[in-house]
Amino acid sequence: MFKKDRIRAILPELEAAAGQGSVRTDEGEILMYSYDAGMARARPEAVINFSSPDHVAPVVRILHKAGIPFLPRLAGTNLSGGTIPLKGGAILNLSRLKKIRQIDTAARVALVEPGVVNMELQRALEPFGLFYAPDPASQKVSTIGGNIGENAGGPLCLKYGVTVDNVEKLEVVTPEGEVLLLSYKDAGPDLMSVMVGSEGTLGIVTHAWLRLLPLPSHIKTISAAFPSTDSAMAAVTRIIGAGILPRALEAMDKVSLDAALSGKTNPFPPGTEAVLILELDGDDPVKIKTDLEASHKICAGQGCLAFKAAADEAERAMLWQARKGAYPALARLAPDVLVEDGVVPRPRLPEALRETREIISKYKLTAGLLFHAGDGNLHPNVIFDRRDIQEVKRVKKAGYELLKSCIRLGGTISGEHGIGVEKRVAMNWLYGKGELAFFHGIKRAFDPAGLANPDKILPVASDRPAAKSGELAGTFVFPAKSALGPEARGIVDELRLRAAAGTPTAVTGLGTRLKSDAAAGGAQPLDLRSLAGPAEIDAENLTARVQAGLPLKEFRAQLAAAGFRLDLPALEGSVGGLIASKVCPEIRGLLLGLEIVTAEGEILELGGKTVKNVAGYDAVRLLCGSMGAYGVILAATFALAAGHDEAAGTFAEPATWNAFEPSELHRRLKREFDPRNLLTPWLYGK
Ligand SMILES: Cc1cc2nc3c(=O)[nH]c(=O)nc-3n(C[C@H](O)[C@H](O)[C@H](O)COP(=O)(O)OP(=O)(O)OC[C@H]3O[C@@H](n4cnc5c(N)ncnc54)[C@H](O)[C@@H]3O)c2cc1C
């Protein structure tokens, strides 16, 4: 059947489900939905306009039955081609679903439909003295559904977390048309968090329950002008290292500043090459004043040319207008802009910036550098003209080199803009075959027919295959996997032997929750207590890698001795056991990376040392609550806070953590990761 006829054949059914006139196939509509804010283009076969979230599941069921691909779309401001229908099919236009259904001021939760524009939600919350933290620069147009689809971030995410940290619960229509309610607090693997940032490839969010925060009573916004980006970056590392946590810590280079301030009075002294925007908030004006003075001292120590607090709301608005308006200002300088989005561990920012400048100059391009400096998240904005084919080629090459530079520096290829189609190939550079196969397993479990936003995020056959660790591919040396100690090697070898013999395993930590003699199903215990070497603390980056068998208490004692803390309540058990059992779901918010070994003995590195990472599915959070059944956790990387533990509060463990009953989706994931049911077999054996 011709593609055009596929939709015609089911048109009456679709209109019965979504409403008369909801399905559009006319040329104007098709053209309008064949592009988004990225560079890719492709035509859908139909656009389905929704007037109720309840229509989504029946429509998806019809499309699934007919084998027609589909993808959800909102404002289309994503920068990675996420809403481009690569295999034709239907665009599910949810932008009319813009009801704020409830603002629960007592529980501090808002229930919204996916088409609610981020800024409109903020406006609705303000009279109640509340706000929703994720604040992408596109917030005047981008929507909550799109923000969830991309796991969007913004300046305030430094203190308050990105989208996934601010979502409580989701209603999701699966690619087969089933309706699920998912919360990160559910017993078992965290399916909600893996939905966030999945770019419409695992399902469609139809309602979201969002966490709200009280508006702070005091906000101080400061601009600090520096003679070089290096000195500005050195100040950033020192501010965070001093235990100061601003609500935002943003940076702009001179090219961006000049564009943003064009036609306006430049308030910065001559010789300014970079500006930091630092914003402190809270209810304690004394603490804000102390942090402000300490930040001033640090900036002065790095040769700051001017350090100035905004005198009033107008001055504050001017600073943010310069930061948030820099992209549109750069966009006015040329017909097109490529916004790159790489992340490095914060202390590597000076190197990353140096390499970025070299790459931009090597390809004879112009770029303004904007970055969420506190998060190590860089946005080179490269201006160009897409009608100049040679220039487009140079832009693409430069973009890829920028991403490789971030990977080489221990970072990742996207902090907030997603992979879509445009960075698919770069997933091969960031991950090995094992990690990519793990991601493919997630996709197959959620979407066995492969119809939900196909060919996004994961490399397809035409993208270059992965090279092995340390191997030279062109001029690029892939970083080697982090070295495992002899104890971890021993665990991996043991699991490989068991896999060869088909012996089932029960992973035990300190035995706080799972006693080795309680393991059912004939599983042999695998004791991880030997994985308890000293934590590797990266004081500059505020992260620590710790082995899974170390008791959390001991880990905390080591951190305290070095002047750091973990913002978690007092918990009993080993680090790995606490992650795998998810007795305290909040542990996910501090977890940046996991090293695991699969049932078949393959070592996987998921996440790492960057505080932001939206490259691929959030497998790290998926493994929270997986109870050793999806893989054995060998080591974890945590985000730390500077300063000592102020009496970590006690925690009432939910009784439900081990009352986990796997859903069909959990079982499908299990079949992908451990088809022979070798790990924690009693959980899925029923
Ligand atoms: C000028 C400018 C500035 C920007 N600044 C930022 C920034 O500061 N931070 C940032 O993070 N991003 C930024 N972006 C990128 C973009 O705005 C974000 O990715 C935003 O979250 C996309 O929202 P949207 O409503 O446009 O979604 P869309 O682009 O329509 O969709 C985004 C993705 O989500 C999927 N999706 C849509 N709806 C759903 C749903 N209901 N359920 C599941 N998946 C869904 C889509 O299929 C797609 O893959 C910027 C973009 C521009 C143009």
Side-chain angles (χ1 to χ4, degrees), residues 33 35-38 40 44 50 53 56 60 69-86 90-95 97-98 112-120 134-157 162-164 167 170-175 182 194-208 248 250 320 323-331 336-341 343 370-372 375 377 379 381 414-422 446 452-457 612 614:
Y33 288 88
Y35 66 94
D36 59 19
F50 286 86
V56 178
V60 168
F70 51 86
L71 65 86
R73 170 167 172 140
L74 282 155
T77 66
N78 79 85
L79 294 161
S80 47
T83 45
I84 298 305
L86 296 175
I91 300 272
L92 310 183
N93 176 18
L94 310 175
S95 58
L97 307 180
K98 47 190 339 165
V112 303
E113 293 182 352
V116 171
V117 170
N118 180 303
M119 186 60 104
E120 283 169 17
D135 59 338
S138 58
Q139 70 186 144
K140 282 187 191 160
V141 278
S142 75
T143 63
I144 297 301
N147 294 171
I148 292 172
E150 298 288 351
N151 196 9
L156 298 190
C157 295
V162 291
T163 299
V164 70
V167 173
L170 294 176
E171 181 188 80
V172 172
V173 173
T174 70
L182 304 174
V194 89
M195 272 303 303
V196 180
S198 63
E199 304 187 27
T201 63
L202 303 183
I204 298 147
V205 173
T206 43
H207 283 103
E250 299 286 298
W320 279 117
R323 168 61 185 90
K324 295 197 177 179
Y327 168 86
L330 284 160
D336 298 282
V337 188
L338 172 83
V339 188
E340 255 317 339
D341 172 33
V343 195
L370 292 169
F371 34 111
H372 305 303
D375 295 321
N377 189 184
H379 293 314
N381 289 247
S414 180
E416 52 184 30
H417 294 171
I419 301 302
V421 57
E422 298 187 359
F446 277 80
N453 207 359
D455 289 355
K456 299 288 169 65
I457 301 182
K612 277 167 131 185
V614 296

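Counting convention: from 1, in listed order, for ligands and their atoms alike. Here, residue 1 is the first one in the sequence, and each next residue gets the next number.
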Sidechain-backbone polar pair: Lys456 side chain, Gly81 backbone, donor-acceptor under 3.5 Å: yes

Could you walk me through whether Asn453 and Thr201 pass side-chain hydrogen bond (donor to acceptor under 3.5 Å, both in side chains), step by step? CA-CA 5 Å; Asn453 207 359; Thr201 63; over 6 Å; no

Distances for all N or O pairs of ligand 1 and the protein under 3.5 Å?
unit_1   : atom_1 : unit_2 : atom_2 : d
ligand 1 : 8 (O)  : Ala137 : N      : 2.8
ligand 1 : 9 (N)  : Gly153 : O      : 2.8
ligand 1 : 9 (N)  : Glu416 : OE2    : 3.1
ligand 1 : 11 (O) : Gly153 : N      : 3.0
ligand 1 : 11 (O) : Gly153 : O      : 3.4
ligand 1 : 17 (O) : Thr77  : OG1    : 2.6
ligand 1 : 17 (O) : Ser138 : OG     : 2.6
ligand 1 : 21 (O) : Gly146 : O      : 3.2
ligand 1 : 21 (O) : Asn147 : N      : 3.4
ligand 1 : 21 (O) : Asn147 : ND2    : 2.9
ligand 1 : 25 (O) : Ala75  : N      : 3.2
ligand 1 : 25 (O) : Thr143 : N      : 3.0
ligand 1 : 25 (O) : Thr143 : OG1    : 2.7
ligand 1 : 26 (O) : Gly76  : N      : 3.2
ligand 1 : 26 (O) : Thr77  : N      : 2.8
ligand 1 : 26 (O) : Thr77  : OG1    : 2.7
ligand 1 : 29 (O) : Gly76  : N      : 3.4
ligand 1 : 29 (O) : Thr77  : N      : 3.2
ligand 1 : 29 (O) : Asn78  : N      : 3.0
ligand 1 : 29 (O) : Asn78  : ND2    : 2.9
ligand 1 : 30 (O) : Leu74  : N      : 2.8
ligand 1 : 30 (O) : Ala75  : N      : 3.4
ligand 1 : 30 (O) : Gly76  : N      : 2.8
ligand 1 : 41 (N) : Val205 : O      : 2.9
ligand 1 : 42 (N) : Val205 : N      : 2.8
ligand 1 : 47 (O) : Pro72  : O      : 2.6
ligand 1 : 49 (O) : Gly82  : O      : 3.4
ligand 1 : 49 (O) : Glu199 : O      : 3.1

Please check this pair: side chain of Asn151 against backbone of Val196, looking for a donor-acceptor N/O pair closer than 3.5 Å. no

With distance as the sole test, does Asp36 use its side chain to make a donor-acceptor pair with the main-chain N or O of Thr83 at under 3.5 Å? yes

Tell me every residue that passes side chain to side chain donor-acceptor pair (under 3.5 Å) with Glu422, counting only those two or more places apart in sequence or in another chain. none

Do you see a donor-acceptor pair shorter than 3.5 Å between the side chains of Ser142 and Asn118? no

